[in-house]
There are 2 protein chains.
Amino acid sequence: MEVFLKSVSALNDETRVLILRFLDEYGECCVCDLQSSLEMIQSRLSRHLKILKEAGFIRVERKGTWAYYSIRSPLDRFRLEALEEIRHLSLELPPLRKSSDKGECSL
Amino acid sequence: MEVFLKSVSALNDETRVLILRFLDEYGECCVCDLQSSLEMIQSRLSRHLKILKEAGFIRVERKGTWAYYSIRSPLDRFRLEALEEIRHLSLELPPLRKSSDKGECSL
DNA sequence: TCAATATATCAACATATCTTGATATATTAT
DNA sequence: ATAATATATCAAGATATGTTGATATATTGA
């Protein structure tokens, strides 16, 4: 029950659904990429990424000070179906701003 | 997004997960059956049943003063997968107490 | 070591959700 | 019409969750 509710409550937020959809669309991103792309302040993103990670939806790979987040793979049936559902939502997905590549990550 | 979040937030509660599992296991029940079986006060049940209904998981059929709730059918893929997930949770399912049949519904 | 940068966590406040007991509504039987 | 019963809704309080700005931690480079 705990694990199920953790998954479900992770999905129960518009911000986190957007983050999932964004990572699903564009692949691995570091926090500052997400900041510039989604126009969210860092503490807010960090919080939601942690929740999504602990719910088993995403993984993080650290490279130096950067933290690269991506959809975890493989996903179990339920999480996969949730992701599929999210994929078909008509939400406005902002374009990817890869500030990490260009060393212009100064947010 | 709204519809998705409505489904998800309906799932995001231990009480409602139990109600879903219960209806899935035992089929159609009226509110007083649920009261006596799940040992919950009536206003609490009524609230959660409403949320589950509005989220598309259950339906209600009125017969006189009784309201019979059951899992809605057909369910879409996501809701069905959620139900399947719930089916495999190891939760303590109390036995069915069909007080409605015997006219002993006096809670 | 020190400064700069990326990320994580904390504290305070605002908002949402759950629980309970009280009340309202609706149907049935007398 | 009145009483009894089943269900729904409301109000108030308690708990959980989200947002923000400030601070902490950790890594890199000078």
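Here is the naming used below: chain letters follow the sequence lines, and residue numbers restart at 1 for every chain.
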Pairwise 5' ranking along DNA chain D for A:S43 and B:T65, keeping only the more 5' one: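 Closer to the 5' end of DNA chain D: B:T65.
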
DNA chain D: 5'-proximal contact among B:Y69 and A:I41 (nearest heavy atom):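 Its nucleotide being nearer the 5' end, the pick is B:Y69.
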
Can you tell me if [X] touches the phosphate of [N], counting only side-chain N or O atoms and a distance under 4.0 Å to OP1 or OP2?
X	N	answer
A:R44	D:dT17	no
B:R62	C:dA26	no
A:K50	C:dA8	no

Ring-face cation of A:R79 near A:F57 (centre distance under 6.0 Å, axis angle within 45°):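 Satisfied, under 6.0 Å and within 45°.
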
Cationic tip of B:R62 above B:Y68 ring, under 6.0 Å, 45° of axis: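 Cation-pi check for B:R62 and B:Y68: fails.
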
Interatomic distance, [X] [atom1] vs [N] [atom2] [rounded to whole Å]:
X	N	atom1	atom2	result
B:E14	D:dA16	CD	C1'	14 Å
B:L34	D:dT7	CG	P	9 Å
B:E54	D:dA8	CD	C1'	12 Å
A:E39	D:dT20	CD	P	13 Å
A:L11	D:dG18	CG	P	12 Å
A:R47	D:dG21	CZ	P	16 Å
A:Y68	C:dA8	OH	P	13 Å
A:L45	D:dT20	CG	P	10 Å

Most 5' of A:V60 and B:N12 on DNA chain C, judged by nearest nucleotide: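 Here A:V60 is the residue nearer the 5' end.
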
Check: D:dA6 base within 3.5 Å donor-acceptor of B:Q42 side chain: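 In this structure, the two groups form no donor-acceptor pair.
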
Sugar-phosphate only, base, or nothing, as touched by A:T15 at under 4.0 Å among non-hydrogen atoms: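 Counting heavy atoms under 4.0 Å across all strands, the contact made by A:T15 is with sugar-phosphate only.
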
[X] side chain: which of [options] is closest?
X	options	result
B:Q35	C:dT7, D:dT7, D:dT9	D:dT7
A:W66	C:dT7, C:dG21, D:dA6	C:dT7
A:H48	D:dG18, C:dT17, C:dA8	D:dG18
A:A67	C:dT9, D:dT7, C:dT7	C:dT7

Check: B:N12 main-chain N/O paired with A:S9 side-chain donor or acceptor under 3.5 Å: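 No, because the side chain of A:S9 does not come within donor-acceptor range (under 3.5 Å) of the backbone of B:N12.
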
Note: B:E25-B:R21 ion pair, threshold 4.0 Å (strictly below):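 Judged by the 4.0 Å cut-off on N to carboxylate O distance, B:E25 and B:R21 do form a salt bridge.
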
Plane angle bin for B:F78 and B:F4 - parallel if under 30°, tilted between 30 and 60°, otherwise perpendicular: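 Answer is tilted, since the angle falls between 30° and 60°.
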
